[in-house]
2 protein chains.
Amino acid sequence: MAFARLAILPTYKVVSDTIEREILAGRLTAGDILPTETELADQFGVTRHTVREGIRILEQSGLVRREAGRRLYVAEPHYGDLAPRLSRAMVMQRVTFRELWEVSMDLEPSAAAHAAARIDANRLALLRANLVATEEALAAGVSIIPLDVAFHILVAEAAANRALLLAREPVTQLFYPALERLFTHPKTAHLSPRRLVDAHHRIVEALADGDADVAREWMRKHIVDFRRGYDTAGLDLDDALDPAAAPPARPPARR
Amino acid sequence: MAFARLAILPTYKVVSDTIEREILAGRLTAGDILPTETELADQFGVTRHTVREGIRILEQSGLVRREAGRRLYVAEPHYGDLAPRLSRAMVMQRVTFRELWEVSMDLEPSAAAHAAARIDANRLALLRANLVATEEALAAGVSIIPLDVAFHILVAEAAANRALLLAREPVTQLFYPALERLFTHPKTAHLSPRRLVDAHHRIVEALADGDADVAREWMRKHIVDFRRGYDTAGLDLDDALDPAAAPPARPPARR
DNA sequence: CATTGTTCGTTTGTTGGACAATTGAAATAT
DNA sequence: ATATTTCAATTGTCCAACAAACGAACAATG
């Protein structure tokens, strides 16, 4: 007979797995304060340093959180915690604009359609405010890309689908910054962002009307335009993205 | 006037950020061996413990890897490393079957369509083998869900879009296991998985023919069927998923 | 009375040094 | 040349200590 390979894990990994299991099983729930590092070390029968290494792992998956120097508590992992890592993974794998565009073509129109059915007055107001701000940025001649990113996030959030939000987030983080290059590119200097803003207006109107089909269709045209701009600029769809596009991990809250 | 919050980071975080920056900037590339912990500690002017905590963070994002007890090297983060964490995040946020289904309705048909244009002979052979295995499982009366999951992954890989692959992976990891409940549910016992297998056959044929429209359409029907089954079983689309569905992080390679 | 300073116990962040276990490679024996 | 035995290098873990930051409670200040 033969024995299977023994799964020998370093102690710090066992520590993180053990705590993780308690959280996933629901015996520890969001907001619960964990024991202090010293207590954990005593309970597990290991050194505090080993516990600390385990904690570092848990923090990375967003299962626990600590606000600088304070006690550790259980948290619900938020997609925003994980999306930057995904974006970096894509950059390192030299994902192309075409790949991002294809996914956006699937998810963004769909998000708009769902949003039409589910949007509330509050978020609609935020979208209208975004339109105003975009018009102002346009008039002032500053970049509208950040506002464009915000627009698409608002629409996606209005779709009330967290799986969708999570799926599109890392794509968005790379997709829209890639457009910055577009609007500052010499060959597209003549291209007015007017068309982009008009599409946004149409989409918001459709959302306000609750018209899913129109919302979907305008979003589709809007995403198609991005690709068209890319072509017009003479950029190669199949070039890898600029590594500088990788978003920085946001600093932890510190209050 | 008001001052901005000071960005004071713990040393271990500075360590991980610094190494990360070198990797992202391309000054360290995949396969490079990092200095030993002691050397890093000397170079940074901190203790080895502090370096180790920083390393734990980098390992989690997949940027560096270490095979148990050996030197640290730079790695390309693979989506497989990150997807489980995303799945867990969704479970903890009590994502519903409806949300997963909506995203699948967007991504799976699209993946099939792209695959029709890009699939190679090798992967087509794998898909055919999957069909055979599924028929056998069906005849033997064992669960076909694992094979179903494998089928959809093969199709998605054939689409040659890593952003798509990354976006759908965490959804898939939860979606298909949820179907296990379906086929073992008393109310759907009469439902034959025959329909599922037929759809798979149609899709593979369409891929072999390079017919994107047919591939997309059959995949669409296939995903619609899942929802229909869910309704038939009398399960509530808007119930949170079973927490037990959260996939375990796979143990690290250890050779 | 609101703000500022003081003190104190608790907890995290970081350091130092130590050692067993494992690994990779060099040196030795067969 | 191949197998075996050292041996130095490196990781994983431990123990002990202290500085820094925080929370709270309370005194002092204007």
Side-chain angles (χ1 to χ4, degrees), chain A residues 3 5-20 28 31-75 249 251-255, chain B residues 1-20 28 31-60 62-75 249 251-255:
Chain A
F3 289 103
R5 170 171 293 279
L6 294 176
I8 296 170
L9 296 175
T11 311
Y12 59 81
K13 184 69 179 147
V14 177
V15 167
S16 71
D17 284 351
T18 304
I19 298 176
E20 176 181 317
L28 287 170
D32 287 0
I33 304 286
L34 288 176
T36 66
E37 295 180 353
T38 314
E39 283 169 350
L40 284 174
D42 286 346
Q43 292 178 22
F44 287 129
V46 300
T47 302
R48 190 161 78 93
H49 186 70
T50 306
V51 170
R52 282 175 66 82
E53 290 193 35
I55 289 173
R56 290 291 97 77
I57 295 176
L58 290 174
E59 277 181 334
Q60 283 304 103
S61 44
L63 287 176
V64 307
R65 200 161 301 179
R66 136 173 305 153
E67 270 135 26
R70 246 167 297 173
R71 290 284 294 275
L72 210 58
Y73 63 92
V74 179
R254 209 188 156 84
R255 13 170 314 102
Chain B
M1 72 156 297
F3 289 101
R5 171 172 297 278
L6 294 176
I8 296 169
L9 296 175
T11 312
Y12 61 80
K13 184 71 179 145
V14 177
V15 167
S16 72
D17 284 352
T18 304
I19 298 176
E20 176 181 319
L28 287 171
D32 287 0
I33 304 287
L34 288 177
T36 66
E37 295 181 353
T38 315
E39 282 169 351
L40 285 174
D42 286 346
Q43 292 178 23
F44 287 129
V46 300
T47 303
R48 194 160 74 94
H49 288 310
T50 308
V51 169
R52 283 176 65 82
E53 291 192 34
I55 289 174
R56 290 291 99 77
I57 294 177
L58 289 173
E59 278 181 335
Q60 283 304 103
L63 287 176
V64 307
R65 202 162 299 177
R66 137 173 302 153
E67 270 134 26
R70 245 168 298 175
R71 292 284 294 274
L72 210 58
Y73 63 93
V74 179
R254 209 188 157 83
R255 17 166 304 103

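Worth knowing before you read on, the calculation uses all heavy atoms, side chains too, and leaves out hydrogens, waters and symmetry mates.
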Exercise for the section: Kindly confirm or rule out a cation-pi arrangement of B:R66 over B:Y73, judged by NZ or CZ under 6.0 Å from the six-membered ring centre and within 45° of its axis? Expected result: no
Handout entry: Helical bend (five base pairs per end, nearest 10°) for the helix from C:dC1-D:dG30 to C:dT30-D:dA1
Key = 20°
Exercise for the section: Take atom CD of A:E37 and atom P of D:dA17, then tell me their distance rounded to the nearest Å. Expected result: 18 Å
Exercise for the section: Round to a whole Å and report the spacing from CZ of B:R71 to P of D:dG12. Expected result: 12 Å
Exercise for the section: Please state whether the phosphate of D:dT10, meaning OP1 or OP2, lies under 4.0 angstrom from any side-chain nitrogen or oxygen of B:R66. Expected result: no
Practice task
Round to the nearest Å and state the distance from B:E53 atom CD to C:dT15 atom P.
Solution key: 10 Å
Exercise for the section: Could you point out which residue of B:V74, B:L72, B:L63, B:L58 forms a side chain to side chain contact (heavy atoms under 4.5 Å, CB included) with B:I19? Expected result: B:L58
Exercise for the section: Give A:T47 one of three labels, base, sugar-phosphate or nothing, depending on what nucleic acid heavy atoms sit under 4.0 Å from its own. Expected result: base
Exercise for the section: Using atom CG of A:L40 as one end and atom P of C:dG13 as the other, report the distance to the nearest whole Å. Expected result: 13 Å
Practice task
Answer with yes or no whether A:R48 presents, from its side chain, a donor or acceptor under 3.5 Å of a partner atom in the base of C:dT14.
Solution key: yes
Problem - Interatomic distance, A:L72 CG vs D:dC22 P [rounded to whole Å] - result: 16 Å
Practice task
Verify the distance criterion only: is there a donor paired with an acceptor across the side chains of B:H49 and B:E53 at less than 3.5 Å?
Solution key: no
Handout entry: Short N-O contact, B:E59 and B:R65, less than 4.0 angstrom
Key = no
Practice task
Provide, to the nearest angstrom, the distance between the CG atom belonging to A:L9 and the P atom belonging to C:dA21.
Solution key: 19 Å
Handout entry: Atom pair distance, as rounded to whole Å: CD in A:E39 and P in C:dT12
Key = 9 Å
Problem - Pair of N/O donor and acceptor under 3.5 Å linking C:dG13 base with A:H49 side chain - result: no
Practice task
May I ask you to evaluate whether A:T50 reaches the phosphate of D:dC14, defined as a side-chain N or O under 4.0 Å from OP1 or OP2?
Solution key: yes
Handout entry: Over all atoms of both residues, closest heavy-atom pair of A:S16 and A:K13
Key = OG-O, 3.0 Å
Exercise for the section: Verify the contact: side-chain N or O of A:T11 to OP1 or OP2 of D:dT13, cut-off strictly under 4.0 Å; return yes or no. Expected result: yes
Practice task
Mind calculating the distance between CZ (A:R56) and P (C:dT12) to the nearest angstrom?
Solution key: 10 Å
